[in-house]
Amino acid sequence: MSSDRRRSTRHHGIRTRIAGGSLLIAVVVSLFAGLAINAQLERIVRDGTVQALRSDGAQYVFALQARPDDPLQGPGLGTRIAVIAPDGSIPVFSLPTTLAAPLPALAATREVTTVDAGAATYILLSQPVTVGGDTWYVIAGRDEAEETTVLVQMRLLLVGSFALLVLGVAAGGWILTTVSLRPVTRLRVSAQSLSERSTDEVLPVGRADDEIAQLAITLNDLIERLRASADRERQLVSDASHELRTPLAILRTQLELARLEDSSREQLLADIEGAERSATRLSALVTSLLELSRIEAATPEERTSAARLEADVLEAVERARFRVASDDALAGIEVEYVSAIAESGPGDGAAVYAVRADEVGRVVDNLAGNALQAFTEHEGAPRRVSVMLDDDGGQLTLRVSDNAGGLDPAFEPRALERFSRSDATRSSGHGSGLGLAIVAAIARNAGGEIVLRNRPGHGLEVVVTLPAASARPGDPA
């Protein structure tokens, strides 16, 4: 039963719900307003009746006060009056006869009194008049049915007015909602059209700077980001297919050669070693692709302090030094580390950044690895790789510089692209062209940026800046 009601509710459109809600609110408001207005109408009509009763008895009050010795004249047609003399006699009486007996008792009250007179009910008003020290009473009366008739007419008018008002509110809610939702309908139709075909178009934005226009702008931003993400994925698949094809073809050829029966033992070992190198390169390439995909798809939620980031930077520097010490081709290269965090002033270690510590270590690994690889292709002395970390409390700056000759100016604009390698690196067979792309993705994901300061013939400095993020309770230090 409850699921059926939920389904029925979901089938109602926004216009129906808004119009129905407006109708319900209008009915409730009209009900309470009608009750309050009805009370005021009853009071106003009763006040009018009292004023009419005073007017009916006014001529007798005036006659008793101005000409007490003159005989009193009878009332006009339809006027209900009784005058009681001080001795209890009633010289004037036009009220129903059933009121003659209780009339002396009613005269003593000065309030408006409602009295049953057979089939009718009368409203009586007693006005005392003092003449020569004696008290006369002028009692005016009116049938309550007259008052009821006026109230019924006014109530019918009130109910009719509120009914028109309620219907007007419902109709107005329906019309206004229809007009207001017309841009939403256009957005829905446009979105459906965009989903059914491949196009560069976006949703239409209305001329009015309202909530619907802001919604369209936000959705267009989302569409652009989704398209850019889809383009990156397609490009990644295309680039990965292209980059994986060559080492896979080489690996397959080497394995086929190793399978030949007439291959010598030395040749077999050489083919196996070549296949092992190709497999290692494939493994590194796939690992880098997975890492790049994870970084681009991740939402930065961790908050890491500058002190924790520095610890991972130091570990990455030690890994670079170990690589230099274990590779004769890199002998003589100095890997130095300079920290400016301790000199940054009152904000030391207090700021946190939207990046994982191991990702900053990965940045140093990639940049230092690129610098060391560049030294194998460039001769120069002294050979030095410098890593500097600075935290001023609002921004973390990581600089990795070398004097390995810098980048080819023609390659520099494409250096941050995926699978982008210089001619020298490509010919040497080293690298996958993903190192700088991963660094750039980590920087972007943390809200920062990467800048290449290339000095052809001298060296390269890579500057990665990360803005401080607000710390949250429970974030790891």
Side-chain angles (χ1 to χ4, degrees), residues 15-65 75-84 92-96 98-99 102-130 135-177:
R15 286 183 301 177
T16 303
R17 294 199 297 268
I18 292 179
S22 301
L23 177 62
L24 179 61
I25 293 173
V27 168
V28 173
V29 172
S30 298
L31 178 61
F32 284 101
L35 293 175
I37 294 176
N38 180 69
Q40 292 297 319
L41 287 177
E42 291 179 350
R43 183 184 62 81
I44 292 172
V45 171
R46 177 54 58 91
D47 290 343
T49 301
V50 172
Q51 292 299 324
L53 292 174
R54 292 186 184 277
S55 177
D56 290 344
Q59 60 175 329
Y60 292 96
V61 173
F62 176 78
L64 289 173
Q65 291 176 342
L77 184 63
T79 302
R80 303 294 185 175
I81 292 291
V83 178
I84 302 177
V92 177
F93 185 85
S94 62
L95 293 171
T98 54
L99 296 179
L103 198 59
L106 296 174
T109 180
R110 298 186 179 183
E111 297 179 355
V112 177
T113 306
T114 303
V115 181
D116 290 332
T121 301
Y122 273 77
I123 303 172
L124 303 179
L125 174 64
S126 176
Q127 302 179 71
V129 181
T130 302
T135 302
W136 293 65
Y137 293 96
V138 177
I139 302 174
R142 289 212 171 190
D143 193 340
E144 193 180 41
E146 300 176 9
E147 185 179 277
T148 303
T149 301
V150 175
L151 277 175
V152 169
Q153 292 175 348
M154 298 184 70
R155 285 168 179 167
L156 289 176
L157 180 61
L158 180 65
V159 171
S161 300
F162 276 119
L164 291 176
L165 178 62
V166 168
L167 294 177
V169 169
W174 179 274
I175 295 173
L176 289 177
T177 305

task = Report the distance from atom OG1 of Thr114 to atom CD of Glu144, rounding to the nearest 0.5 Å.
result = 5.5 Å
inquiry  = Do Leu95 and Leu124 have side chains that approach each other closer than 4.5 Å (heavy atoms only, starting at C-beta)?
reply    = yes
query = So which heavy atom on Arg80 is nearest to which on Ser94, and how close?
reply = NH1-O, 3.0 Å
request  = Could you please spell out the steps behind the side chain to side chain contact (heavy atoms under 4.5 Å, CB included) verdict for Asp56 and Arg142?
outcome  = CA-CA 10 Å; Asp56 290 344; Arg142 289 212 171 190; 3.0 Å; yes
ask   = Do the side chains of Ser126 and Leu106 get nearer than 4.5 Å, heavy atoms only?
value = no
query = Do you know which two heavy atoms are closest between Pro96 and Phe93, and how far apart they sit?
reply = O-CZ, 3.4 Å
Criterion side chain to side chain contact (heavy atoms under 4.5 Å, CB included) on Tyr137 and Thr135, from CA distance to verdict = CA-CA 7 Å; Tyr137 293 96; Thr135 302; 3.8 Å; yes
Check: Thr149 side chain, Ala145 main-chain N or O, donor-acceptor pair, under 3.5 Å = yes
ask   = Side-chain donor-acceptor pair under 3.5 Å between Gln40 and Arg43, yes or no?
value = yes
ask   = Quick one: does Arg46's side chain get under 4.5 Å of Ile123's, heavy atoms only?
value = yes
ask   = Does Glu42 reach the side chain of Arg155, with side-chain heavy atoms less than 4.5 Å apart?
value = yes
Derivation and outcome, side chain to side chain contact (heavy atoms under 4.5 Å, CB included), residues Thr16 and Trp174 = CA-CA 7 Å; Thr16 303; Trp174 179 274; 3.8 Å; yes
query = Out of curiosity, Ser161 OG to Leu156 CG, how far, rounded to the nearest 0.5 Å?
reply = 10.5 Å
Between CG on residue Leu23 and CD1 on residue Ile18, distance to nearest 0.5 Å = 13.5 Å
request  = Find the distance between CG (Asp116) and OG1 (Thr98) and round it off to the nearest 0.5 Å.
outcome  = 9.0 Å
